[in-house]
Trainee: 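My structure is below; once you've seen it, I'll send some questions.
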Amino acid sequence: MLNIQSVDKIYPNGVRALDRVRLDITQGEIVAVVGGSGCGKSTLLRLIAGLDPATRGSVALDGDTILSPHPCVGMIFQEPRLLPWLTVAGNVAFGVSHLPRGKRDAIVGEVLLRVGLSDYADRWPRELSGGQAQRVAIARSLAPRPKVLLLDEPFSALDAFTRASLHEHLLELWRALQPTLVLVTHDVEEAAYLADRVVVMRPQPGRISSVFELGLKRPRDRYSAELEAAKRRILHALDQSLRTRSAGDELVPAAAI
Amino acid sequence: MSAMDAVQPRDAAQPAASPIPSTPAAKPRLGTKFVLGILLPVALALGWEIAVATGFAQGRLMPPPSRLFKTLYDLAITGELWRHIGATLARVLAGFALGTIAGTIVGAIAGASRLAKDIVDPTLQGLRSVPSIAWVPLFILWLGIFEESKIALIAVGCFFPVYLGVFGAISSVDRKTVEVGRMFRLSQFQLVRRILLPAILPAYVLALRQGLGLGWMFVVAAEFMGASEGLGYLLVDGQQLGKPDQILAAILTFAILGKITDGLLAAASAPFLTWQDAFAPKN
């Protein structure tokens, strides 16, 4: 469904951010991309989003080559990036403003209900907590019914409690709407808990070093032995990928992930 | 997606009922604020009035408030005051409108395009440092001694703060916010209307208020260069005929008009800025 076909990305300053990255993602799959800093995982997401062009190769969604943001692809950033001059409802309606008013209001009401913020429709973004703001951002990206939702370290700025509750939120939304999720994260537990498949990337140049098919049933237990084992395998792969770095780079994987 | 399986809010970080009030700080009552603001000028005026009345000071060059108000009253009932106010106000508004439109357009172009900025900005920064009064002889030569040259001078005064405000605000709009617009595939025009304009609005209002303030400054310079009516004319006339009360009456009128127009501008923009998450000092 989403095909990343041997993509290279070289920045104007010569940095080789992605080197022949190849990945096929199926409809409704949850893929987590993990890796140390500078491994190109965010770059990859921006290419899929159509925010940056690939230097070589292409990304295609159902056969459509992505050159600019695609109507079926939504993105959630690390920060909520709400527009402070719009209310919560206004922010959620931002991507569906071309629809007639009645239909738009119905969609806004529905997605706000889904993220549990119906009572906050008339609030300003400044009045929200970090977790609430990120939920509004999720609602905003869901409003146009994207087939693919890209998440760029969406929970990394939140405390552990809020993060865990947002994991549940995301899974419930995924169960209800069945979008394809591509989640970039540096949190191995998050990857193992949420994903069907975990892609480990390595830096310099950024490329895929290994892919794990987790094959764990949902709902998952955060503390189950299988999940622990999966986490350990991913961590080990990460460790390997970072150990091959050239001298002078940070050698402690813990600092990088 | 009609059968709603609503997800309960499960943010552990905060209770369901948000404790955050919708206004950032309780405002003091308007009356109290007004009294506090007027306290100092009233005390000073009363002090001077008493000093002159009791003979401690003589009010020839600095007339006491009672005489000042008498002059204002006389000017008002003869209708002369309104004629002067009308003339000055018309000049300020015309100059302000011209300067604001030009400043907004040029600022927007310079903010949106790096090339335009590199071409336009150095020249404008150079012109900005020319003292305003220096333009007066040139404008008189070019545009004559009547309204045109006065309005041109005021427009120049209003142009620069508006240009700088718009230009600076556009170049400081967050790339991340613009990316949100890109993700929702806004056209260039929609991007300007739905992201850039609202984002720069607070800075723009501030620039407009600054421009208007400068407009009031420049109108005096403009009316000094020869006018048969206007508050600036009252000033010159008062000086030449030795009427300090008339000068003070004109100054007072300037203060009141400046405050009122600024207040109107601020009030007109306030409804569009309620979203701001700005610092609100405590009492």
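Lettering follows sequence order; numbering is per chain, from 1. Note: hydrogens, waters and symmetry copies are ignored here, and every other heavy atom, side chains too, is used.
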Trainee: Does a donor on one side chain sit under 3.5 Å from an acceptor on the other, for A:T87 and A:D122?
Mentor: no
Trainee: Is there a donor-acceptor contact under 3.5 Å linking the side chains of A:Y193 and A:E168?
Mentor: yes
Trainee: Please check if atom OH in A:Y11 has more than 12 non-hydrogen atoms from other residues, nucleotides or ligands closer than 6.0 Å.
Mentor: yes
Trainee: Answer with side chain, backbone, both or neither: which region of A:L83 has an atom nearer than 4.5 Å to a non-hydrogen atom of chain B?
Mentor: side chain
Trainee: Need one label for A:P144: side chain, backbone, both or neither, based on atoms under 4.5 Å from any heavy atom in chain B.
Mentor: side chain
Trainee: Rounded to the nearest 0.5 Å, what's the gap from CD1 on A:I66 to CD1 on A:I4? Could you check?
Mentor: 9.0 Å
Trainee: Counting only heavy atoms closer than 4.5 Å, note whether A:R140 contacts chain B via side chain, backbone, both or neither.
Mentor: both
Trainee: Check each atom of B:L186 against the heavy atoms of chain A and say whether the ones under 4.5 Å are side chain, backbone, both or neither.
Mentor: side chain
Trainee: For atom CZ of A:R101, decide whether the heavy atoms of other residues, nucleotides or ligands shown that lie under 6.0 angstrom number more than 12.
Mentor: no
Trainee: Counting heavy-atom pairs closer than 4.5 Å to chain B, which one of A:P125, A:S141, A:S97 comes out on top?
Mentor: A:S97
Trainee: Please classify the contact of A:F77 with chain B as side chain, backbone, both or neither, using a heavy-atom distance under 4.5 Å.
Mentor: side chain
Trainee: Would you say B:T261 and B:W216 are linked by a side-chain donor-acceptor pair, where the criterion is simply a distance under 3.5 Å?
Mentor: yes
Trainee: Who wins among A:R46, A:R163, A:M75, A:H70 for the most heavy-atom pairs under 4.5 Å with chain B?
Mentor: A:R46
